Every structure is written in structure tokens, then in C-alpha cells.
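Convention: sequence-line order gives letters A, B, ...; per-chain numbering from 1. Since this is a predicted model, take the numbers as computed values, not measurements.
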Amino acid sequence: MTQETATEDHDVFWDTSKDKQEKKKKPARKSEGKAAKEKKNEEKSGHKNKKEKAKKADNEKKEETVNKEEAKKKKDKNKVNGGVSVKMEFEDEDFASLEKPVKKGKKRVRMEEAEDTVKSKKKKIKIEDDKEEPGKEKRSKKLDEKKKKIKKEPKEEKVDKPKKKTKEERDAAIALKVKKKEEEEAARWRWWEEEKYEDGVKWRFLEHKGPVFAPPYDPLPPHVKFYYDGKPFQLRLPAEEVAGFFAHMLDHEYTTRDVFRNNFFLDWRKEMTLEEKTVITDLSKCDFTEMHTYFKAKSEERKNRSKEEKLKLKEENQKIVEEFGYCLLDHHKEKIGNFKIEPPGLFRGRGDHPKQGMLKKRILPEDIIINCSKESKIPEPPAGHKWKEVRHDNTVTWLASWTENVQGLAKYIMLNANSKLKGEKDWEKYEVARKLKHHVDNIRKTYRDNFKSKEMKIRQRAVALYFIDKLALRAGNEKEEGETADTVGCCSLRVEHIKLYPELDGENHVVEFDFLGKDSIRYYNKVPVEKKVFKNLQLFMENKQEGDDLFDRLNTPMLNKHLQSLMEGLTAKVFRTYNASITLQQQLEELTDPEATVPEKILSYNRANRAVAILCNHQRAPPKTFDQSMANLRTKIEARKEQMALVKKELKEAKKQANESDSEKLRKLLESKKKALQRTEEQIMKLEVQATDREENKQIALSTSKLNYLDPRISVAWCKKWNVSLEKIYNKTLRDKFAWAIDMAESDFYF
DNA sequence: TCGAATACTTAGAAACCGGCCT
DNA sequence: AGGCCGGTTTCTAAGTATTCGA
């Protein structure tokens, strides 16, 4: 099968536990494999529906142009590299001609202009192929299908978990649900069936009400006091507010850290009056506990509000959401992702952040830039205020922006993930990743060749790319020292982040990675690498010491420029998307047992998802309640097992009786016992599967990859193929975000 | 010709909420 | 009826990639 060809290739490249000799042989077979793959794909399109076929044809057309471009590029490249490669043959091991290590930022290597950088955004990959079709009938037919589906689903649910309500109630609830779903579906903007805008234009009409500001400071009641050096001390409002931010966090580990405390204290003092400043000179003499207790009591109070109060509050909230939570974009109402301005507080940088604890100031309308259509109703600033600026830039997607004071970075108000603007981009992202599939063999060959380049920067680039591809490392942009936590990605790796073992645990050429990546999440991995990679790493580390860059002649713009020349639209992060999605597809194929029950299939899905999460190093802190909840589950299973034993006994008894005398009643009893046994067995199985799943998931976060890396069409197709309802895999948010994929992917979708 | 600025995606933690159990 | 638990949603920090402008 087509799939196998592809996944096999991938598997060998990936599975680091396998013998490397096998891997080395691989490239020779690759082009062959690819040709076969493509042919199979063609055959496959034979039994696709019209829409698909049209798409396919179009794709091929595009593929052709791309290939032409590729060919041209390759030719040009050969002009440059060709000479080098001849030289390379006898200079391969001649490291003497390679440049000496450089310190990045001081002696930056001049960026080599790519020969034929394919630019001009206008050429950017057009992704929709079927949208130009008129296909109005088709559309309405689709809608009908949708409706049918919608009507069916809740019934299934009913069977799944019967509720303890009266029949009428249940029916009413279901009817309501169906209605709501239908309405939602009818209101959905099926933008993926429309033509794309000219390049750079993000919208033609945009109207919104502006952001919602944080509520004003609510002062402490007089009886709640702050103490300095054991004595009550009355703070003025500005200092009191900031003290409150700290008091709120008192039982958080942050407040025990020196950096956090120092930064807080420094910024707090800036809010103090001269008198306050004179008295309050030592944070350790500050006692916030009374404030802390008060805040806690207040939040408790909030939780214990009466039903009516809660309802009222909810309604009020709803009103705000209704008014400010949506915008009008090209005739469609779209949900805004973050319409509330971030309230003031203490900066909670992740990891060892040098600025943690600093004061995040309150944002005022005077800080806000509004972006909307000229001809739209311009949002009104709150009474007595004005906006910093109102602009009308339809080449960007944000509705409002401001500059945050801690790091001086821009913040934006943008649309929700289910919006056209986000969805289209997401779709495009997966299309680029799918395109990489057709180029990846070539690219891998190229970087392998480059392992022996006589130019240091090309070798470094090749090895970095190898890591990005094989290990799904992030690109690793440069960051300003001292401004953020010390974290790295591929290009910013330093010599102390890797260790080289010519031999380790029976494997040759092992590299041990140990560094903090995004969000200061530790990446730790021991990987056997190709010999050439190993030798190069040794070379890169020569004459360097801790703190020096491993790839001293490489940075992300250089890497991306190179990638751009290999494939239009290709950047370092595409490899993560590509490898994540292709891994999911391959794992699903491997792990799904057609005979398995639905819960077992879901476990397989989660395992496939998990493989991706591990690849991408998506971790989470084990939930605080993990051990407890695990124990609870075990108890539940035990209880069920006991129940099963009981039912078994009863069944035996019933059988015996039925054998002795044959009556209608006894037969019925026997039947019901049999069913009961089956039910318990199923329940136990379900619970056990759940337990396994949870255990395996202790420190792994599946959500990030599901949300950002896995082409949703793979999951949708899998559900269709195996008759698993999509709700079991995707929650409401995900289904909303991926509406485009749910609509277009059939069970034969192939990434 | 860089470093800075800009715009957007990706990330884990925390808050929230609703269903279930006692 | 209330509290607990787990999934969902919200929040905002931290990345990537590209463009801008001194």
C-alpha cells in the first residue's frame, strides 16, 4: 500500500533504536520508493469523488511548476556547489581549510545571498484547489448531509450513557441540542469554499467595539492591614494595589525566589510615596498575610454565591461577551480570541527569568492602538479617555495592540482559532508540511552531502538541519542575553548542551542532549547519530569552551534562507509539523487493530498521539491529584471485578436452573444474566484501558500537538475509517477550530 | 547591514465549570 | 446539597519568521 511505502521510509529514518547500518543503505532506495509512491497516489485518485479529482489534477499542475522551479534551483546550485563537490572528494577530511570558530554577534558571518531566492509573496502557494468550482448544488447537498448527521449523533449518545432523567426531559434536551447545533452549523462561515484574497490582504471590512479593560482597583477595607516590622502600616492606594499582587501569590513558590522578590520590591517601591519609601526598606519585614487571608476569604465567598447571584453574574458576563467578544469581518460575525486587556499584576516569567516579579502595569486606552476599517463604526474609548491611535491596516489581522512594559513587547488582540483568518493560515501550514513530504528525501540527501562540505557554515547548517529533522528540535532564534530565561533551540545550542560518546550502551556515536528549551522545559535525549554527524560535532566543539555556540557560523535566518531555496515556503518549523503529522499517520496505521473495540481504538489513537508528543517533547507537570485519581480508578476496577464474580455466580446458578426445568421465565433470567455479565466485562475493559492511558500520560501533554501539529484531516479520516465518533477525539473547541478539516476530509485522506 | 520591531504561532499553568458521587 | 474530579477554557508567556529603519 501507498502508506506503507511512505511510513517505512520514515520509520527507518526515525527509529533510532534500529541498527544504523540499515539506515545508511536507505537513501539508495529512496528515490525509487518515491516514484512508486507517486504512482500509487495517482491510481488512488481514480476512485475519488469529483471534487477530490479536480483537486488532485490541480495539485499535479502545481506540483509540476514546483518541480520545474526545483529543477532550476538544483541546476543553479550545482553551478556553485558542483565545483566544491569535486574538491570535496579529496578535501573531505581536510579540516584545516575550515574557518576558526567565531563568536556570534561579534564577528558575524556574512549571509550568503541565495542564488535565486524565490520571493514575491504573490507566488505563495495557493492551497485551495476546489474553491474555484461553482458547485452550489454540491454545497447544499453537503449541508443536507450535515443535517442528517447532526440528527443522528445525539441518539448515539443516548445509547452510550443513558441519563437518569425522564424520557420527556431527555428528549427536550436532545431537541435543544440538535437545534443549537443546527443553528451553529447554519451560522458557520464556510470560508474554505470561497476564493482567497489577493496576497497580503487579510480583510476588506473590519468592525469591532474595542477591548475590555481590567476592572479598576478595588481598595482594601479598613480592617485589613498590611504590617511592616510588626506594626500596621497604612499604604496609599498605588502601593497598596501592588502589595496586593504579591499578597495574592503568597502561597506560590514564586514569592520565595530571590529574583522574584527583588524585582517585585524594586518595582513596588516605585509606586510608593516618599514616606512609604523611607519606612519600607526591607521586603522580609513586610507582612502580607492578613491581606492574603482576606483575598482567600473573598474568593471563597465568590465560590459560595447563591445560584441566583451566579446566574446573574453569568448573564452580565454574557452580555459583555456578546458586545465585545465578537467582531464583524467581511460580513461575518467572528469570535475574538482575547478581547480582555491583561490586568495589571506581577510578571510571571517561566523558568529562571531575570524579570520575574516585575510589575506589569495597568493598560489604559491611551496605550491602545485600534485597527479597523475606515468606513466602520470606530470603537468608542471608555468615557474620558482616548485611544493612542486608530489605524486602518488591512494587511494585519489584529484588532488592537499595545506595548507591554516589562519586556517592551507588543501584545495583540486577535481572532479566535475558529475564525477564517486563523483557520486559513492553519490549513496553509498543513499544506506546506504536506508539500515537504515530496521534497524531504531530496533535502535529506542534500544535507547528508553537506556533512562533507569544505565550508564550515554549510557543514554546521547540515548538522543543525539533521537535528531539526530527526529530533524535531525548534529552530533556536538568538535572544538577548539577560532579558529572558536562558533557553535554547537548535541553532542556539551551546557546547555544554551536548555530550559526545563514541560508544555508549552498546551503540556507536551517541550524542547526549541536555538543555532547556521553550518555556524552560528540559530536553534530555541520548541519540545515536551518523558517523559523519558525530565527527562534525567533534570538530565544531574543538577549541571551544562552555558558553560558546555549537553552531558558531549559523543562525536561523541563514538556515531559513537555505530552506527557502530548497522548497518554497519551507522554514525550520515546518519539519516539526511534517514529522509530527507523518508520525501520527504512521502510528495510527500501525497501532489500530480493525477488530478492536472502540475504547481500544481510542487508546491506540492516544498512543499514536503520545508518540508525537514525545517526539515534540511536550511535557506537563504531573497533575497534583495524579496518584490519588489513579488509586481511585484502581478501586473502581476492583469493585467491578467483584461485581463480575458475583454476576458469574448468578449466571451459573441460572444456567443450572434452566437445565433442570425449562420455563419462559428462567430463560429470560438466563438471558438477562448473560447480558449483565457482558456489560460488566465491557465496563472493566473500558476502565482498564482508561487506566493504562492515564498512566502512560502522566507527564505528557497531548493537547499541544493535537492543537498545533497534527493535521486534523488525519484524525478525521481515522474516525471515519474506523467508525469512531469524532467527539471521542476532539472536544468542542477542537471541532470548532478544525471545522474546515471535518468538512473536507474523507476516510481516504492521506497526509 | 545589522539589530530592533512586528506579527503571528506555540506553550504550559491556572482558573473554571459541570457532572458525578456521597 | 455539596464537594470533588477531570476535562475545558482562559490566560499570557515564549517561541518563530520576516520586515523595517537607523
| query | With a non-hydrogen cut-off below 4.0 angstrom, is A/G337 in contact with a base, only sugar-phosphate, or nothing? | reply | nothing
| request: Just call it for A/N560: base, sugar-phosphate, or nothing, with non-hydrogen atoms closer than 4.0 Å on any strand. | output: sugar-phosphate
Please pick, from [options], the nucleotide with the shortest atom-to-atom distance to any side-chain atom of [X].
X: A/T397; options: C/dA17, B/dC8, B/dA11; answer: B/dC8
X: A/R474; options: C/dT16, C/dA14, C/dG6; answer: C/dT16
X: A/K425; options: C/dT12, B/dC8, C/dT16; answer: B/dC8
X: A/V396; options: B/dC8, C/dG15, C/dA13; answer: B/dC8
X: A/M414; options: C/dC11, C/dA17, B/dT9; answer: B/dT9
X: A/A572; options: C/dA17, B/dC8, C/dT12; answer: C/dA17
X: A/N731; options: B/dA14, C/dT12, C/dT8; answer: C/dT8
X: A/Y412; options: C/dC11, C/dA14, B/dT6; answer: B/dT6
X: A/K411; options: C/dT18, C/dT16, C/dT12; answer: C/dT12

Rounded to the Å, how far apart are [X] [atom1] and [N] [atom2]?
X: A/R620; N: B/dG12; atom1: CZ; atom2: C1'; result: 11 Å
X: A/N317; N: B/dA15; atom1: CG; atom2: C1'; result: 13 Å
X: A/K314; N: C/dT10; atom1: NZ; atom2: P; result: 12 Å
X: A/L559; N: C/dT18; atom1: CG; atom2: P; result: 11 Å

| note | Note: for A/W398 and A/R348 on DNA chain B, the residue whose nearest nucleotide lies more 5' is A/W398
| On DNA chain B, nearest-nucleotide positions of A/K202 versus A/D519: which is more 5'? | A/K202
| message | Check this for me: does the side-chain of A/K518 come within 3.5 Å of the base of B/dT10 through a donor and an acceptor? | response | yes
[X] side chain N/O closer than 4.0 Å to the phosphate oxygens (OP1, OP2) of [N]?
X: A/S401; N: B/dT6; result: no
X: A/R302; N: B/dC16; result: no
X: A/Y709; N: B/dA11; result: yes
X: A/K340; N: C/dT10; result: no
X: A/K479; N: C/dG15; result: yes
X: A/H618; N: B/dT10; result: no

| request: Indicate yes or no: does A/E431 engage A/R713 in a salt bridge with an N to O separation below 4.0 Å. | output: yes
| message | Between the side chains of A/K411 and A/E404, is the shortest nitrogen-to-carboxylate-oxygen separation below 4.0 Å, so that they form an ion pair? | response | no
| Does the ring center of A/F339 lie less than 6.0 Å from the ring center of A/F324? | no
| query | Parallel, tilted or perpendicular: which describes the rings of A/F513 and A/F467, with under 30° parallel and over 60° perpendicular? | reply | perpendicular
| Those residues that, when tested against A/T395, pass side-chain hydrogen bond (donor to acceptor under 3.5 Å, both in side chains) (two or more places apart) | A/D393
| query | How about A/R576 and A/Y709: does a side-chain donor come under 3.5 Å of a side-chain acceptor? | reply | yes
